[in-house]
Amino acid sequence: MDIENSNRFLTAFNRIDQRLRDIIGAKDFMPFYRLIDQAKKKDVLVRKYEDDLRSYADLRNAIVHHRTSLEYVIAEPHIDVVERIEYIEEKLAKPKLVGQMFCKKVLAFQETDSLKQVLKVIRHRKFTQFPVYNKDQFKGLATTVGITNWLATVMVGNQIPKEVPTLHDILLHEKNRVNYKFVSRYITIYEAEDIFKQGVERGSRFEALLITEHGKPHQKLIGIVTPLDIVKID
């Protein structure tokens, strides 16, 4: 019997086992299931692939404990299973960071800027989130939702006021004032995905994650992650 699949599976499994041990700092032997239980508390990717990992533990036991010789195994993994565990092992070993995928020049505004400037950007570039500063101090995230809220508030009958607001005025109409979160460029894209999910679960949906070197608001803004970006993550 060709045992290439089982050998590839066991190689990937052992690497995952070591990765889980590294995550929790395990020095002594610990069963694979317990490694998962401990590691998922610290690593979002382990939580993401928990069901797969538990299934692979069962298959690993079947391969190892029912192997009658180096050339013969009762449970030979299908190639799809082998490729899947190798894929997960690669993700766990080298997860992509937000700084690798989403660092770019971010178009930011001053809170004294006119809404007209933002509307031009919306028309030409279709952006929907706009970081707003007072000189170097971050003041908030203006969004198309905030603009709509402002418009609905100031309309008198069917008439729209001629006076054009500043972005300071728009920020006052953001339904959720804390609609953003600063994150470090060194978190993984899966941690970013989890932040969005946790925000929704708590009833405070984030419109964007703002990337700085170490996730500090006073640091230079070097990128932005939106919910739409997260949807595209594999």
Side-chain angles (χ1 to χ4, degrees), residues 44 96-234:
V44 65
K96 291 183 179 178
L97 308 180
V98 295
Q100 295 173 308
M101 293 194 65
F102 300 114
C103 275
K104 58 188 175 184
K105 185 176 180 180
V106 180
L107 186 60
F109 292 86
Q110 291 293 308
E111 63 178 349
T112 54
D113 288 338
S114 168
L115 175 60
K116 284 184 178 180
Q117 295 169 263
V118 171
L119 293 177
K120 289 179 181 178
V121 174
I122 294 174
R123 180 173 62 189
H124 294 295
R125 303 181 68 172
K126 312 302 181 186
F127 291 173
T128 58
Q129 297 97 356
F130 310 93
V132 180
Y133 287 79
N134 181 348
K135 296 182 180 179
D136 294 330
Q137 183 181 9
F138 181 78
K139 302 302 293 185
L141 186 71
T143 68
T144 50
V145 173
I147 296 171
T148 303
N149 289 340
W150 167 82
L151 184 60
T153 300
V154 300
M155 281 186 63
V156 179
N158 293 324
Q159 299 298 315
I160 300 175
K162 294 182 179 180
E163 183 179 353
V164 179
T166 64
L167 292 186
H168 171 77
D169 300 317
I170 299 302
L171 287 179
L172 295 176
H173 288 82
E174 289 293 342
K175 186 175 181 181
N176 180 1
R177 295 298 303 281
V178 187
N179 56 359
Y180 60 88
K181 184 178 179 66
F182 279 90
V183 298
S184 166
R185 69 183 300 164
Y186 302 107
I187 71 167
T188 70
I189 58 176
Y190 306 101
E191 289 174 294
E193 180 182 22
D194 197 51
I195 290 172
F196 278 115
K197 288 181 179 179
Q198 289 180 16
V200 172
E201 291 171 358
R202 291 194 300 265
S204 56
R205 180 177 181 270
F206 294 124
E207 296 289 341
L209 303 182
L210 304 174
I211 306 170
T212 61
E213 185 71 14
H214 299 294
K216 306 298 183 182
H218 66 271
Q219 295 176 324
K220 181 181 178 181
L221 189 61
I222 56 177
I224 187 169
V225 189
T226 70
L228 183 59
D229 295 324
I230 291 298
V231 170
K232 300 175 184 177
I233 290 178
D234 182 9

Any donor-acceptor pair under 3.5 Å from Q198 side chain to I195 backbone: no

Is any side-chain heavy atom of R125 closer than 4.5 Å to a side-chain heavy atom of L107? yes

Side chains of V132 and L171 in contact at under 4.5 Å (non-hydrogen atoms): yes

Using atom types as modelled and distance alone, determine if a side-chain donor or acceptor of N179 lies under 3.5 Å from a backbone N or O of L141. yes

Find the distance between CG (L119) and OG1 (T144) and round it off to the nearest 0.5 Å. 10.5 Å

Output yes when a side-chain donor or acceptor of N149 lies under 3.5 Å from a complementary backbone atom of H173, and no otherwise. yes

Is it true that Y186 and E213 share a donor-acceptor pair across their side chains at a distance under 3.5 Å? yes

The reported gap from NZ in K181 to CZ in F196 (rounded to nearest 0.5 angstrom) is 11.0 Å

Non-hydrogen atoms of A142 and I170 that approach each other most closely: CB-CG2, 4.2 Å

For the residue pair F130 and F127, categorise the inter-ring angle as parallel (less than 30°), tilted (30 to 60°) or perpendicular (more than 60°). tilted

In Å and rounded to the nearest 0.5 Å, what is the CG to CD1 distance from L209 to I187? 6.5 Å

Sub-4.5 Å side-chain heavy-atom contact between W150 and P165: yes

Look up atom CG in D194 and atom CD1 in I189, then write down how far apart they are to the nearest 0.5 Å. 12.5 Å

Any salt bridge between E201 and K197, counting N to O under 4.0 Å? no

Strictly by modelled atom types, are E207 and T226 linked by a side-chain donor-acceptor pair under 3.5 Å? no

Search all heavy atoms of F206 against all heavy atoms of G199 and return the closest pair with its distance. CE1-CA, 4.2 Å

Output the distance between atom OH (Y190) and atom CG (L97), rounded to the nearest 0.5 Å. 10.5 Å

Any donor and acceptor pair, going by atom type alone, linking the side chain of S114 with main-chain N or O of Q117 inside 3.5 Å? no

Looking at side-chain heavy atoms only, is the closest gap between I224 and I211 below 4.5 Å? no

For P227 against Q129, the heavy-atom pair lying closest together: CD-NE2, 4.4 Å

So L167 and V118, do their side chains get closer than 4.5 Å, heavy atoms only? yes

Between K126 and R123 (side chain of the first, backbone of the second, donor and acceptor by atom type, cut-off under 3.5 Å), is there such a pair? yes

Atom pair CG (L172) and CD (E111), whose distance is rounded to the nearest 0.5 Å: 9.0 Å

Check: Q137 side chain, N134 main-chain N or O, donor-acceptor pair, under 3.5 Å: no

For the pair T212 (side chain) and P217 (backbone), establish whether a donor and an acceptor sit closer than 3.5 Å, ignoring hydrogens and angles. no

If we only count heavy atoms from C-beta on, is the L115 to I147 side-chain gap below 4.5 Å? yes

Is any side-chain heavy atom of S204 closer than 4.5 Å to a side-chain heavy atom of V178? no

I want to check something: taking the side chain as every heavy atom from C-beta on, are V121 and F109 in contact at a cut-off of under 4.5 Å? yes

